[in-house]
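The shown structure was predicted, so the numbers you read here are calculated from the model rather than taken from an experiment. In listed order, ligands and their atoms are each counted from 1.
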Amino acid sequence: MNAKIVLLPGDGIGPEVVNEARLVLDAVAQLFGHTFAYTTHLLGGCAIDATGSAMPDATLAACKASHAVLLGAVGGPKWDDPQSPVRPEQGLLAIRKGLGLYANLRPVKAIPALAKLSPLKPERVAGVDFLVIRELTGGLYFGQPKGRTMTPEGERAVDTLVYTEVEIRRIVRLAFELARGRRKQVTSIDKANVLESSRLWRKIANEIGKEFPDVKLDHQLVDSAAMRLITHAAQFDVIVTENMFGDILTDEAAVLVGSLGLLPSASLGEGKLGLYEPIHGSAPDIAGKGIANPTGTILSAAMLLRHSLGLEAEAKAIEAAVSSAIDDGKHTADLGAASPINTTQMGAAIRERLKR
Ligand code: IPM
Ligand code: MG
């Protein structure tokens with residue numbers, strides 16, 4: 001197949017890890033007889049430096065005209081001034097919203113060879129294999145009103161947690177659909193004992209649940225779910241939750257596996273177009289050193305093949321190559337190796353193991 005892929009390397013280690021993922025995509029294209037055409041665009045801090053905007057119009061237009069978008073990371077100390085009117089993270093939020101990507105998929109699967117990296121006891125990590133579906137274009141991140149005003153008593157700030165029935169319905173339905181291809185169990189996480197938006201969320205989740213009698217639905221409050229993610233993580237299959245809860249819980253979940261550097265994500269909307277990015281950030285402390293782990297981005301490329309291009313065998317080929325590289329002891333510094341390999345060596349180790 002022919003596919004147009006937009007690369008948004010972004011800031012920090014973004015360019016280094018995206019480069020490795022692109023080389024893996026090239027290797028897949030050659031192996032399976034596809035043609036991938038890439039264009040590279042600005043997003044985040046680098047876009048602010050070049051254009052004054054964290055998401056230039058040209059970037060959004062290019063993404064809209066593509067089949068899929070592969071993103072590295074945005075942000076860094078250079079743009080961290082809280083007084084600054086433009087911030088790299090705005091670029092990320094704007095592109096998610098601009099492309100209508102309301103569903104963020106973050107799979108978390110324990111890798112037996114890396115069990116020692118987890119801060120948890122091995123028996124708590126064994127068998128962990130779940131998928132978090134985080135709502136991505138609603139809730140506190142985008143709700144209005146939002147902002148700061150001066151009052152006689154001092155400053156006042158407001159963020160609004162708002163969800164419509166339509167927004168809840170589409171994300172919860174996706175959770176049930178994806179659960180059908182897994183262990184058929186959806187956990188909806190909310191704060192229905194306090195929040196009105198959560199009570200609506202729970203009601204809609206129950207309604208959708210009736211359409212999927214073959215899938216088991218349970219509800220958990222976000223505080224106890226945060227605890228169960230540590231104490232009973234293997235019990236989860238598909239988790240669905242609102243934007244901010246999902247943001248927090250997925251960083252927590254990443255710890256189970258041992259390194260943030262391993263985890264991919266996909267952001268999807270109504271059509272096939274999707275945005276794929278590792279869940280780690282721009283890691284300014286190691287940027288430019290060539291030691292970042294490209295695995296999360298390479299696994300994001302696998303998700304790109306699966307969800308946007310419908311290339312399941314190709315996606316599995318990448319995932320198998322990653323597993324075999326890790327099993328063979330090919331470990332970057334974040335994986336606790338005594339003599340770690342670097343970013344390009346990790347990429348090469350994965351490419352060498354790609355098989356049809
Ligand atoms: C994430 C990140 C972003 C978010 C930030 C960088 C805006 O934490 O993708 O989880 O909060 O969504
Ligand atoms: Mg986050």
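The protein heavy atom nearest to atom 8 (O) of ligand 1 is D247 OD1, 3.2 Å. Ranking protein heavy atoms by distance to atom 6 (C) of ligand 1, first place goes to E89 CG, 3.7 Å.
Of all atoms in ligand 1, numbered sequentially from 1 with element shown, those under 4.0 Å from a heavy atom of R106 are 1 (C), 9 (O), 10 (O). Those atoms of ligand 1 that come under 4.0 Å of a heavy atom in Y141, given as number and element, are 4 (C), 11 (O), 12 (O). Residue contact check: R134 has heavy atoms under 4.0 Å from atoms 1 (C), 4 (C), 9 (O), 10 (O), 11 (O), 12 (O) of ligand 1.
Remark: side-chain polar atoms of R351 are not paired, donor with acceptor, to backbone N or O of V24 under 3.5 angstrom. In this structure, D159 contributes its side chain and K146 its backbone to no donor-acceptor pair below 3.5 Å.
Only the side chain of R96 comes within contact range of ligand 1, with a heavy atom under 4.0 Å; no backbone atom does.
Between the side chains of R156 and T149, not a single donor N or O lies within less than 3.5 Å of an accepting N or O. Side-chain contact, D26 with Y38: a donor N or O sits under 3.5 Å from an acceptor N or O.
Note on ring orientation: taking the six-membered ring where Trp is involved, the planes of W201 and Y163 are perpendicular (angle over 60°, cut-offs 30° and 60°).
Taking distances strictly below 2.8 Å, the protein N/O/S atoms close to the Mg ion (ligand 2) are D247 OD1.
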* Test log, rule side chain to side chain donor-acceptor pair (under 3.5 Å), inputs W79 and S84 -> CA-CA 8 Å; W79 306 280; S84 165; over 6 Å; no
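When each of T332, N342, T343 is checked for a side-chain hydrogen bond (donor to acceptor under 3.5 Å, both in side chains) with N293, only T332 meets the rule. Checking each of E16, R22, H280 against T297 for a side chain to side chain contact (heavy atoms under 4.5 Å, CB included) leaves exactly one that passes, namely H280.
By the 4.5 Å heavy-atom criterion applied to side chains, F36 and L305 are counted as neighbours.
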